[in-house]
Q: 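This is the structure, below, for whatever I ask next.
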Amino acid sequence: LSSAELSVKKIDSDFARIENLRLTIGKIIEEEEWTEKIGPHPKPSITTLREWDMKIVQRYDPFYTPSCDMCCMCTFGKCDLTKNKRGGCGITIQAQSARQYLLTCLIGATCHAAHARHLVHHLIQKFGRDTKISLGNEVEIEAPITRLVMGIRPKKLGDLEQVCEYQEEQLTHLLASCHYGQEGSAADYESKSLHAGMLDNLALEVADLAQIVGFNFPKGDPNAPLVDIGMGVLDKNKPVILCIGHNVAPGVEIIDYLRKKDLYGKVEVAGICCTAHDITRYADKAKIIGPVSRQKKYVRSGIADVIVIDEQCVRTDIVEEADKVNSVVIATNEKICAGLPDMSHHTPDFIVKEFLSGKVKHAMILDPVKAAQVAVELALEIAPRREGFKSLPDEKELIEIASKCINCGWCRRACPEDLATDEAMQFAKKGDFQRLADLYEACVGCGRCEGACRVGINVLGLITKAAEKVWKEERCKIRVGRGPILDTEIRNVGQPIVMGEIPGVIAFVGCANYPNGGKEVAEMAEEFLKRKYIVVASGCAAMDIGLYKDEEGRTIYEKYPGDFDAGCIANTGSCVSNAHIMGAAIKIANIFARRPLRANYEEIADYILNRVGAVGVVWGAYSQKALSIGTGAIRLGIPVIVGPHGGKYRKLYLGRKELKEKWMAYDARTGDRVYIGPAPEHLSYAAETKEEAIVMAAKLCMKPNDTFKGRQIKLTHYIDFYRKYYGKMPDDIDLYVRVEGDIPITMKDEIMIVLKEKGWKEQRLLDPTLLKRLIREVKS
Amino acid sequence: LQTPKPWQIGNIPGQLQANVLTPEVAANMIKRANRKLLVIGPKSIGVKINDKEDLIDFAVKLSKIGVHIVATANTSKEFVARGFTDVYPMGIVEITNRLRDAEWKGLDGKGSYDLIIFLGGIYYLESQVLANTKHFALTTKTLTFDRFYHPNADWSFPNLEENEWCKSLNIILSKIGGV
């Protein structure tokens, strides 16, 4: 499309006074007095930020771990790509790995973009295009990612449509690049993945902004209420509606319908996965069952009368699972039709009758208002009929089932976590269920053990039964997702973060494919909270943090305040609320450091990479969306640590601290090309254990521009953690001490010995940047 | 010998899968290699190989015949607790990232390694890093002494019963003079 643009600085005449008007064909970009000058890169194309991406790729040489040695994507294949062989199209294993990574990112980013589009569309229909976007008096920068990428300030819901259009266009280009005979360069696929990640983050922001405004979710409230979380929180004497997925639209309508009918609180509404977060942001009598890993286990419990699914992270066997326990499934989103009959065009009364007469077992109802009415009416009708329904075996039956086990071991070999289900089964045969119960915490609930079982034992069901006492008593508290970080909070912590008095911001995000259960996330979070880091959380990780109590019976959310401040834990909310974590980093650059935000991606990312000690920990990384979210963080200069399963994403961005030439930057004061030290050492990293993740997170908080005091504090934590978990002093202290003033005072003597051994020399403190255009004075 | 199935059954990378390792072959490869490295991970902690010794002791014995030891994650603490400090703590992805660089001079700066032994890593992550060495560290041979078959290594034990595996490790020690 060609476009024409008209720019008018000032007109002052009898008929009009106009200032700063910019018009394109058919669309007004900006028509009011936003004094911030538009930056260099509004609405970047897939190559606009390529130069920035290449800086990342050159320093953090992509480390590929191909899941498959072949390419199977066209009819030339299968092409064997081992030993430097190329595919029939000429592709290498590096490019193929990078392409697969991009495709995975695109799956995640399109999910969020589609989610955002759906919400914007739905909310415009419901409340109107002119609905004002306002996050309250304490949030002036309402959409930091949108401002940064698009160069616009969205003021009304309708303004978000152009962001959706931009995302959709860019995502289409990126997907096209994966076709046969398109991109063949691994480095360029990397750049495209980073672009997909950025688009993903933009989509997160659009989706959450729209729902915060439309549904009046908390607008950055650090004191958002505490709500119930756990497998045992529901009152089974009430009808139960269980919402699964990420799109809160039907959940909100369910709450509204219950309120309208004076049934709010008389019907249990609970959720699994991010839709649970978002329902509690709307109604504090709603409850959270838990993260994605609880889905199959909870559905198997048979407690839910009606299961309302929306989109993303819904098990593809949900209908079969519901059938086993006589629950009803209502699909509410086009992305998951689940093979169900479309009842969207019938009246709710008719649909309920069809269900009750047995003509329909499950249905798709795409109108959320109608779906909500059906879900409530149906739950009221069928709950009494399901009373006394038994879904799990009793102990006698458990022994009988376990006795069928032939101890072949295939269940264990199918288990992603390598759980010793085979051994536990031998004990269960003898009536000892403790071994089975012990597996419950680490079990991710995938059910692959059952598919592998040669004699058809429902292994997951037995584990769930054996641990029944544990999960039935699981009643904990989580703070409702607060949404954005307040500008006032950023003003308070911006300086201590950049100066290092607050040693870092650690974000626990992502899914629940943990190596040893979710408790480790809570343990990691508490380690950092005790040391006065700022901890933020979202998604399933935020739920897992809330599922563990201390000896006094309190969860982390009950022990630590919900502010964005040292020693506090801010739960931003669902997956799409991750936008506020990236947004906080951006706002530090803008509010504290006064870096221009508008369409100025490179400079802000450069600032964050060199100055903001923020790290993401995605301990249970699982979905494609987790990858695209994390990849967006990486483009923005925020390092990401994944758990051991994260290696299956096929690529990490690892630095080599010993290669001095990789750690060069410009000194913005002089233009000199200078050594800045290996910080942050990696941009994405897979850790084997939580101890390793803790040490690495502390290390990655170090940034080249740390002040003396900041580096002292960050080094203190890094060395402390290292000695605690590795049993000795780190061998790379010399790389992180730039000048004597960096050395933690309490460790000075022993560090000086190490520095002397290593032949350490003081370096100059710098104002580092990777961007030549930010050099203030170029030496002749 | 027939190629075994990977321990985690879906972990089939393609046509190129590890040769089946015997303790005798392993011992010979160690003897013949010039520069050897053991990458030992957290799953080795507390795993006995005979009445008196565990995998950490096994690693210490390998170090005595010139095998460098990288302890991944927090495994180094076990070595240090036993007074063995000649161990390099590194992430499994960090060490593997260097193995693909033919110019890397090793932990002592004296040259790259021609034989890498993996032991005690988390199965699925170890498998992923072995996929990296398989494709990008073409001048280095990789062995795994784990109990379970790792298709992405150059050489791996098949899936072994615990007693067979312990026996194999003890044979290796006896053959290389580590006992």
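Every chain is numbered from 1, with letters handed out A, B, ... down the list of sequences.
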Q: If the threshold is 4.0 Å, N to carboxylate O, is there a salt bridge linking B/Arg35 and B/Asp108?
A: yes
Q: Taking every heavy-atom pair that is under 4.5 Å apart, which of B/His135, B/Gln8, B/Lys134 has the most such pairs with chain A?
A: B/His135
Q: Counting N and O atoms only, with roles assigned by atom type, does the side chain of A/Asp422 sit under 3.5 Å from a partner on the main chain of A/Asn407, one being a donor and the other an acceptor?
A: no
Q: Between B/Arg98, B/Gln15, B/Glu126, who has the most heavy-atom pairs with chain A when the cutoff is under 4.5 Å?
A: B/Arg98
Q: Of all of A/Glu692, A/Lys728, A/His645, which one pairs up most often with chain B through heavy atoms under 4.5 Å apart?
A: A/His645
Q: On the ring face of B/Tyr123, is B/Lys43 found with NZ or CZ under 6.0 Å from the centre and within 45° of the axis?
A: no
Q: For B/Ile9, is it the side chain, the backbone, both or neither that has a heavy atom under 4.5 Å from a heavy atom of chain A?
A: both
Q: Could you tell me which of B/Ala71, B/Ala81, B/Pro42, B/Gly121 has the largest number of non-hydrogen atom pairs under 4.5 Å with chain A?
A: B/Pro42
Q: Where the side chain of B/Ser156 meets the backbone of B/Thr144, is there a donor-acceptor pair that is under 3.5 Å apart?
A: no
Q: Please report the shortest heavy-atom distance between A/Pro644 and B/Leu125, naming the atom on each side.
A: O-CD1, 3.6 Å
Q: Please look at B/Thr96 and chain A and tell me whether the side chain, the backbone, both or neither of the residue comes under 4.5 angstrom of a heavy atom of that chain.
A: both
Q: Answer with side chain, backbone, both or neither: which region of A/Leu652 has an atom nearer than 4.5 Å to a non-hydrogen atom of chain B?
A: side chain
Q: So, do A/Glu417 and A/Asn513 sit near enough that their side-chain heavy atoms are less than 4.5 Å apart?
A: yes
Q: Considering only heavy atoms and a distance below 4.5 Å, find which of A/Pro416, A/Ala414, A/Cys415 pairs most often with chain B.
A: A/Pro416
Q: Please work out which of the three classes, parallel, tilted or perpendicular, describes the rings of A/Tyr718 and A/Tyr736, given edges at 30° and 60°.
A: perpendicular
Q: Is it true that B/Phe148 and B/Trp165 have ring centroids separated by less than 6.0 Å?
A: no
Q: Sort A/Asp80 into side chain, backbone, both or neither according to what part of it lies under 4.5 angstrom from a heavy atom of chain B.
A: side chain
Q: With A/Lys651 as the cation and A/Tyr653 as the aromatic partner, state whether NZ or CZ is under 6.0 Å from the six-membered ring centre and within 45° of the axis.
A: yes
Q: Heavy-atom cut-off 4.5 Å, strictly under: side chain, backbone, both or neither for A/Pro730 against chain B?
A: neither
Q: So, does B/Asp114 use its side chain to make a donor-acceptor pair with the main chain of B/Asn34 at under 3.5 Å?
A: yes
Q: With respect to B/Val129, which candidate in B/Ile92, B/Asn152, B/Thr72, B/Val39 satisfies the side-chain contact (heavy atoms from CB on, under 4.5 Å) definition?
A: B/Ile92
Q: Tell me whether B/Asn19 contacts the main-chain N or O of B/Trp155 through its side chain, where contact means a donor paired with an acceptor under 3.5 Å.
A: no
Q: By number, which residues in residues 655-663 of chain A have some heavy atom less than 4.5 Å away from chain B?
A: A/Gly655, A/Arg656, A/Lys657, A/Glu658
Q: Flag yes if more than 12 heavy atoms outside A/Tyr685 fall under 6.0 Å of its OH atom; otherwise flag no.
A: yes
Q: Pick one of side chain, backbone, both or neither for B/Asn11, based on which atoms fall under 4.5 Å of a heavy atom in chain A.
A: neither
Q: Taking A/Tyr722 as the fixed residue, which of A/Asp732, A/Val695, A/Ile694 is the one that meets the side-chain contact (heavy atoms from CB on, under 4.5 Å) rule?
A: A/Val695
Q: Between A/Arg448 and chain B, which part of the residue has a heavy atom less than 4.5 Å away: side chain, backbone, both or neither?
A: neither
Q: Are A/Lys690 and A/Glu523 within salt-bridge range, i.e. N to O under 4.0 Å?
A: yes
Q: Between B/Glu94 (side chain only) and B/Met90 (backbone N and O only), is there a donor and an acceptor less than 3.5 Å apart?
A: no
Q: Output the residues of residues 47-58 of chain B for which the shortest heavy-atom distance to chain A is under 4.5 Å, in residue-number order; output 'none' if no such residue exists.
A: none
Q: Highest number of heavy-atom pairs under 4.5 Å with chain A: which of B/Pro6, B/Ala73, B/Ala131?
A: B/Ala73
Q: Can you say whether A/His682 sits under 4.5 Å from chain B via the side chain, the backbone, both, or neither, judging by heavy atoms?
A: side chain
